[in-house]
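What follows is a short report on a single structure.
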There are 2 protein chains.
Amino acid sequence: MITNMEQIKSQLEKQGIKPTYQRLRILEFLISAGNHPNADTIYENIAKVIPTMSRTTVYNTLSLFVESALVHGITITGADVRYGIGEANHHHFLCKKCGKIIDIEVHCPFADGVTKEINGHQIQEIHGYFKGICKDCIQS
Amino acid sequence: MITNMEQIKSQLEKQGIKPTYQRLRILEFLISAGNHPNADTIYENIAKVIPTMSRTTVYNTLSLFVESALVHGITITGADVRYGIGEANHHHFLCKKCGKIIDIEVHCPFADGVTKEINGHQIQEIHGYFKGICKDCIQS
DNA sequence: TCCATGTTTGTAATCATTACAAATTGAAAT
DNA sequence: ATTTCAATTTGTAATGATTACAAACATGGA
Ligand SMILES: [Mn+2]
Ligand SMILES: [Mn+2]
Ligand SMILES: [Zn+2]
Ligand SMILES: [Zn+2]
């Protein structure tokens, strides 16, 4: 999963998104973080290397990425939206102790998208997540 | 599922909650609505019968109810918290057309709480929901 | 160089929720 | 019945994430 700047750049170009410096940095940070950071964490970290970075740019860029399915946003903390790489075709685990959000693959007729209808309602999206204590936090 | 005021009152008393007029009305509305309204919808509807009702009372009361597991709050719209009756030991369906949220019972090792651990992470809560078009909205 | 378009930025607005303190209620004690 | 006191309710102000908006900036072609 080694991702260099060239790969990130071509990922954007593949989606027809102009690979500006701030966009590259945001996508790079999102990939390297891996724990589904929120907009503010992304902003704070990139502001260190791009002092003129604006919060609005972070929000604009994240919306752009979500539209092109390069990124998915999840609201499971109740407080903010957390962003991760790729489409949201997986489930998540939120650690109540460290706040980290980890990708989870589960297998059941619902999670696997086999079921398209339930009680007469037409299913278009399936979302699932767990809350608890992550592996790292258990030992401490 | 016929619930009269006396039953609602004793439900509160069973939890050690003083059954004030506003609390009775809020719980009554929550039960009768059934589609997981948000705080403002609850407020707007009860303000019709209790003109002095305050939004703060709605929020306070909902927090109280959630603490005693009389009610559960779910954040699946991204915009607000939606409240339903009872503990959140079930899943939900959000209709993208009418905004209604419906209780759903699903059965799989994850949803049924059989699995207590996943990838080394300790599971304490399981949340699942679907988005799509509800039965009522399909025919129209 | 000039222009057009897309991008970034800073500030102001929005909106759900929370904080806070004053006003009100109601039941127990006198 | 009056006093008292804690619980409850209320209105207003603050918070915090997100969005709206318009000015500043960058870039590539005519
Ligand atoms: Mn993810
Ligand atoms: Mn429910
Ligand atoms: Zn953790
Ligand atoms: Zn519907």
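As the structure is a computational prediction, the values presented were derived from the model and not from experiment. Only this structure's heavy atoms are used, side chains among them; waters, hydrogens and symmetry mates stay out. Letters A, B, ... mirror the listed sequences (proteins, then strands); counts begin at 1.
- Side-chain N/O atoms of T20(B) include none lying less than 4.0 angstrom from OP1 or OP2 on dA7(D).
- Counted by atom type alone, N38(A) and T41(A) present one or more donor-acceptor pairs between their side chains at under 3.5 Å.
- Each of dT18(D), dT9(D), dT17(C) was ranked by its minimum atom distance to the side chain of V81(A); first place goes to dT18(D).
- If you check every strand for non-hydrogen atoms under 4.0 Å, N38(A) touches nothing.
- In this structure, S54(B) does not reach the dT9(D) phosphate: none of its side-chain N or O atoms is under 4.0 Å from OP1 or OP2.
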Given salt bridge (charged side-chain N to carboxylate O under 4.0 Å, His left out), test K18(B) with E13(B) step by step and report yes or no. CA-CA 6 Å; K18(B) 189 187 289 187; E13(B) 283 165 343; over 6 Å; no
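- Distance, L24(A) CG to dT8(C) C1': 15 Å, rounded to whole Å.
- Under 4.0 angstrom from either OP1 or OP2 of dT10(D) there lies at least one side-chain N or O belonging to Q22(B).
- The aromatic rings of H72(A) and H92(A) sit tilted, their planes meeting at an angle between 30° and 60°.
- When heavy atoms are screened at a 4.0 angstrom cut-off, R55(B) is found touching no nucleic acid atom at all.
- As a whole-Å value, the separation of M53(A) CE from dC25(D) P is 17 Å.
- Note on ring orientation: taking the six-membered ring where Trp is involved, the planes of Y129(A) and Y129(B) are perpendicular (angle over 60°, cut-offs 30° and 60°).
- The phosphate of dT18(C) has neither OP1 nor OP2 within less than 4.0 Å of any side-chain N or O from Y59(B).
- Within 4.0 Å of T56(B), counting heavy atoms only, lies at least one base atom of the nucleic acid.
- Rounding to whole angstrom units, OH of residue Y43(A) and P of dA17(D) are separated by 13 Å.
- Atom OH of Y21(B) is separated from atom P of dT9(D) by 13 Å (rounded to the nearest Å).
- When the P atom of dA27(C) is taken as reference, atom NZ of K18(B) falls 7 Å away, rounded to whole Å.
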